[in-house]
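What follows is a single structure, written as structure tokens, with notes after it.
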Amino acid sequence: MRILLTGVNGQVGSALKPLLRSLGTVQAPPREELDLVDARAVAAWVRQYRPHLIVNAAAYTAVDRAEQEQAAAFALNAQLPELLGSLQREWGGAVIHYSTDYVFDGTHEGAYTEKDITAPLGVYGRSKRAGEEGLMSSGVPALIFRTSWVYGLHGRNFLRTMLRLGQERAEIQVVNDQWGAPTWAGSIAQGTMAVCATLCSSAQAENSLVDGLTGKEGIYHLTNGGATTWYDFTRRIFELRPECRALVLPIPSGDYPSPVRRPVNSRLDNTKLKEVFGVRLPLWSEALEDCLAELPDVQEVLTS
Ligand SMILES: NC(=O)c1ccc[n+]([C@@H]2O[C@H](COP(=O)([O-])OP(=O)(O)OC[C@H]3O[C@@H](n4cnc5c(N)ncnc54)[C@H](OP(=O)(O)O)[C@@H]3O)[C@@H](O)[C@H]2O)c1
């Protein structure tokens, strides 16, 4: 199977690359080789390589900056997924794409299911929702995995920021009134692979994944299990890494002003993923331990 992976240097893309190799030949051009906002270049690339599967882990993820850079956010998060869908539809390939809890406004009680109505609070969320709609309307066989609060040992993310601040500062204030599931990029990659394994299990042919997808297309919530707040997440990080000695103080979201409101409730119900594919990701607390086990020296985050 030929696979095109986008966003290979991002959190999810870098976790996916080594795992996807077990499914086939992976092409993963970085931004310097393929600028994904260049629609002509993308079309030429896909038509030449004809990937059976495109795994689109690329995104515009600067939530606050997106308020000023609407066109850039929509180019990558909305227009690209639709383009990839149309190109794959041309010749019979499939797409796996990622989306976000930010398609919701967070006012719902309990965990959101895939059937709940979306109501993004900002440009980033609107662009990601437009991407979901564009990809689905292209008519390509596609899976869209909505995830939340992604972290890992690579890239800019909450975990790395806290590991750094925990060593540099005496005290830090962390928001304690937003609920969600911190999700390790490694778990997202493993969950994606587990889904692919069920899709490929019925046949060995190159197009078996596409065939296996029939009837299962659509949106799935894919997060680590359980829920917490950013404050309790930070406390757990510091318990696991006692080198982080900063005192952690809880604050309400209102005390941490930002250009765009975040959903107060980001919890995503993963039942559909379990029912359709038999896949369930580990609890957020277990995934955090697994992730930190891959960081031998916590001082690394100060220098890298
Ligand atoms: N981060 C979160 O907290 C979060 C939460 C919920 C859902 N998600 C979703 O999860 C998915 C993966 O997110 P992530 O956190 O792994 O994102 P990320 O770390 O920000 O990585 C995004 C990747 O997209 C690439 N990219 C951006 N613009 C590009 C362009 N014009 N041409 C080529 N490549 C480009 C980046 O390339 P460079 O390396 O060159 O910059 C980077 O490799 C996304 O769909 C995101 O919306 C993320």
Side-chain angles (χ1 to χ4, degrees), residues 4-17 27-42 45-46 54-66 69 71-81 83-84 95-104 106 112 118 120-132 134-135 142-162 178 180-189 191-192 219-224 230 233 260 262-263 266-268 270 281 284 287 291:
L4 167 61
L5 170 65
T6 67
V8 65
N9 291 324
Q11 298 191 79
V12 173
S14 59
L16 276 166
K17 189 178 175 194
Q27 293 282 336
R31 188 196 292 254
E32 310 77 72
E33 275 174 38
L34 180 62
D35 182 356
L36 295 166
V37 297
D38 182 343
R40 271 212 218 161
V42 171
W45 210 98
V46 172
I54 296 179
V55 182
N56 181 32
Y60 179 105
T61 54
V63 176
D64 289 334
R65 198 155 21 103
E69 297 182 354
F74 270 77
L76 211 68
N77 294 346
Q79 285 141 27
L80 176 67
L83 173 65
L84 295 177
V95 177
I96 289 179
H97 175 67
Y98 298 91
S99 189
T100 170
D101 51 317
Y102 282 25
V103 298
F104 296 117
Y112 282 95
T118 56
L121 294 171
V123 169
Y124 169 73
R126 283 201 292 282
S127 69
K128 292 296 295 185
R129 178 60 190 151
E132 293 179 351
L135 179 56
L143 296 175
I144 299 172
F145 293 130
R146 281 189 193 140
T147 189
S148 65
W149 298 19
V150 180
Y151 69 88
L153 296 180
H154 305 288
R156 282 166 59 94
N157 61 63
F158 186 85
L159 171 71
R160 286 178 54 92
T161 302
M162 289 301 136
Q178 293 169 21
T183 301
W184 179 32
S187 293
I188 297 171
T192 303
I219 296 175
Y220 293 83
H221 291 171
L222 174 91
T223 67
N224 279 130
W230 292 112
F233 183 42
V260 61
R262 267 64 172 168
S266 270
R267 282 179 291 160
L268 302 181
N270 284 212
L281 300 191
W284 71 264
C291 172

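Throughout, numbering of the chain's residues begins at 1 and tracks the sequence. Numbering of ligands and ligand atoms starts at 1, following listing order.
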- Answer whether the closest heavy-atom distance between the side chains of Phe145 and Ile188 falls below 4.5 Å. no
Flag the pair Asp64 and Arg262 as a salt bridge only when some basic side-chain nitrogen lies within less than 4.0 angstrom of an acidic carboxylate oxygen. yes
Checking side-chain contact (heavy atoms from CB on, under 4.5 Å) for the pair Gln11/His154: CA distance, chi angles, key distance, verdict? CA-CA 6 Å; Gln11 298 191 79; His154 305 288; 5.7 Å; no
Test Ser127 against Asn77 for side chain to side chain donor-acceptor pair (under 3.5 Å), laying out the working first. CA-CA 5 Å; Ser127 69; Asn77 294 346; 3.0 Å; yes
The ring pair (Phe, Tyr, Trp, His ring centres under 6.0 Å) partner of Phe158 among Tyr151, Trp230, Trp184, Trp149 is Trp230
So salt bridge (charged side-chain N to carboxylate O under 4.0 Å, His left out) across residues 122-131, not counting sequence neighbours, yields Arg129-Glu132, Arg129-Glu133
For ligand 1, protein residues within the heavy-atom limit of under 4.0 Å are Gly7, Asn9, Gly10, Gln11, Val12, Arg31, Leu34, Asp35, Leu36, Val37, Ala57, Ala58, Ala59, Thr61, Leu76, Tyr98, Ser99, Thr100, Asp101, Tyr124, Lys128, Thr147, Ser148, Trp149, Val150
